[in-house]
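Start at 1 and go down the list; that is how both ligands and their atoms are numbered.
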Amino acid sequence: MFDFTCQKNALHERVILVTGAGDGIGRQAALSYAEHGATVILLGKTVAKLEAVYDEITNAGYPQPAIIPLDLKGATRQNYLDMADTIEQQFGRLDGVLHNASILTVLSPFDEIEEDSFDDIMQVNVKAPFIMTQALLPLLRATKNSSVIFTSSGVGRKGRAFWGGYAISKFATEGMMETLADEVSGTNVRVNSINPGATATQMRSRAYPGEDAKTLKTPLEIMPVYLYLMSDDSIETNGQALNAQK
Ligand code: NAP
């Protein structure tokens, strides 16, 4: 496991946007960031799931979060620009973005990948975080230190048979991270990626239906690297492809 212990109030007064915050790893990251003092903006597709996370955060006494319901599949550049305006008006700042939401669709041989499915994966996993980051960069540049985290995968670092469009999207994600990280090098913005590794979530159980989820790490167990990259301990870390699990 990535070795890092986060100070209790490390994210005090930070505003952090988490995509796919209603379920799985994104839900846990939102809870963990809030637990460490952050005001978390919960972005996702299914409002009921976001509301449940909102309630968990407020019931725990953490800073009051906000909800942005948005389907990354249909979202437009204007949606992201409006979102940036809303964040600026409501919070006056943005200190971090965790690009976590992704889709897997079906695993299949390369020559059977359907074009529509490939387009959907590239839209949600690559183009949405690309345009969202463009829209949010002015806010990220305006704060003292900010952190952008992209979510990769083992198959985004070494291709694997039948992981087709998803693997290709994760290689693109790593390329986006490296390209932007190089551009912002030496500025107040840092950009890195995380490969969560096998983690007990719905996405994992869809990919490996026969697997016993109890043999996997939980989202809570992989949080150290997510906290590290949002905390000031990682201010000098830029352009790194990190692993949540060793
Ligand atoms: P998950 O349980 O399927 O959760 C994905 C989240 O993304 C959900 O909250 C989902 O919202 C949201 N989402 C999906 N499509 C969306 C859309 N069009 N618009 C807005 N939100 C959308 O997945 P996970 O396992 O936590 O995965 C989180 C990240 O880790 C992903 O980037 C994944 O590729 C990566 N990853 C996971 C593993 C693993 O073993 N779990 C391994 C390697 C990489 P709804 O629930 O509302 O659909």
Exercise. Answer yes if the side chains of D95 and T143 hold a donor-acceptor pair under 3.5 Å, and no otherwise.
Key: yes
Quiz prompt | Per-atom contacts of ligand 1 with L70, taking only distances under 4.0 Å to non-hydrogen atoms | solution = 19 (N), 20 (C)
Self-check item: Residue Q202 vicinity, atoms of ligand 1 by number, heavy atom under 4.0 Å
Solution: 2 (O)
Quiz item: Which atoms of ligand 1 sit under 4.0 Å from any heavy atom of A101?
Solution: 7 (O), 12 (C), 13 (N), 21 (N), 22 (C)
Quiz item: Does atom 12 (C) of ligand 1 have a protein non-hydrogen atom under 4.0 Å from it?
Solution: yes
Quiz prompt | Contact atoms of ligand 1, heavy-atom distance to D71 under 4.0 Å | solution = 17 (C), 18 (N), 19 (N)
Self-check item: Per-atom contacts of ligand 1 with G197, taking only distances under 4.0 Å to non-hydrogen atoms
Solution: 38 (C), 39 (C), 40 (O), 42 (C)
Practice problem: Could you tell me whether the side chains of T215 and D212 share a donor-acceptor contact shorter than 3.5 Å? | Solution: no
Exercise. Decide whether Y228 and T237 meet the rule of one side-chain donor and one side-chain acceptor closer than 3.5 Å.
Key: yes
Self-check item: For S102, atoms of ligand 1 separated by under 4.0 Å from a heavy atom
Solution: 7 (O), 14 (C), 31 (C), 32 (O), 34 (O)
Self-check item: For T46, the ligand 1 atoms whose distance to one of its heavy atoms is below 4.0 Å
Solution: 45 (P), 47 (O)
Exercise. Please identify each residue that fulfils side chain to side chain contact (heavy atoms under 4.5 Å, CB included) with D71, with sequence neighbours left out.
Key: K45, K73
Exercise. State whether the number of non-hydrogen atoms from other residues, nucleotides or ligands found under 6.0 Å of N59 atom CG is greater than 12.
Key: yes
Quiz item: Between Y208 and W163, how do the two ring planes meet: parallel, tilted or perpendicular, split at 30° and 60°?
Solution: tilted
Quiz item: Touching ligand 1 at all, G156? Heavy atoms, strictly under 4.0 Å?
Solution: no
Practice problem: Within a distance under 4.0 Å of any heavy atom of K73, pick out the atoms of ligand 1 and give their elements. | Solution: 18 (N)
Quiz item: Applying a strict 4.0 Å limit to heavy atoms, is A128 in contact with ligand 1?
Solution: no
Quiz item: Could a heavy atom of R27 be found less than 4.0 Å from some atom of ligand 1?
Solution: no
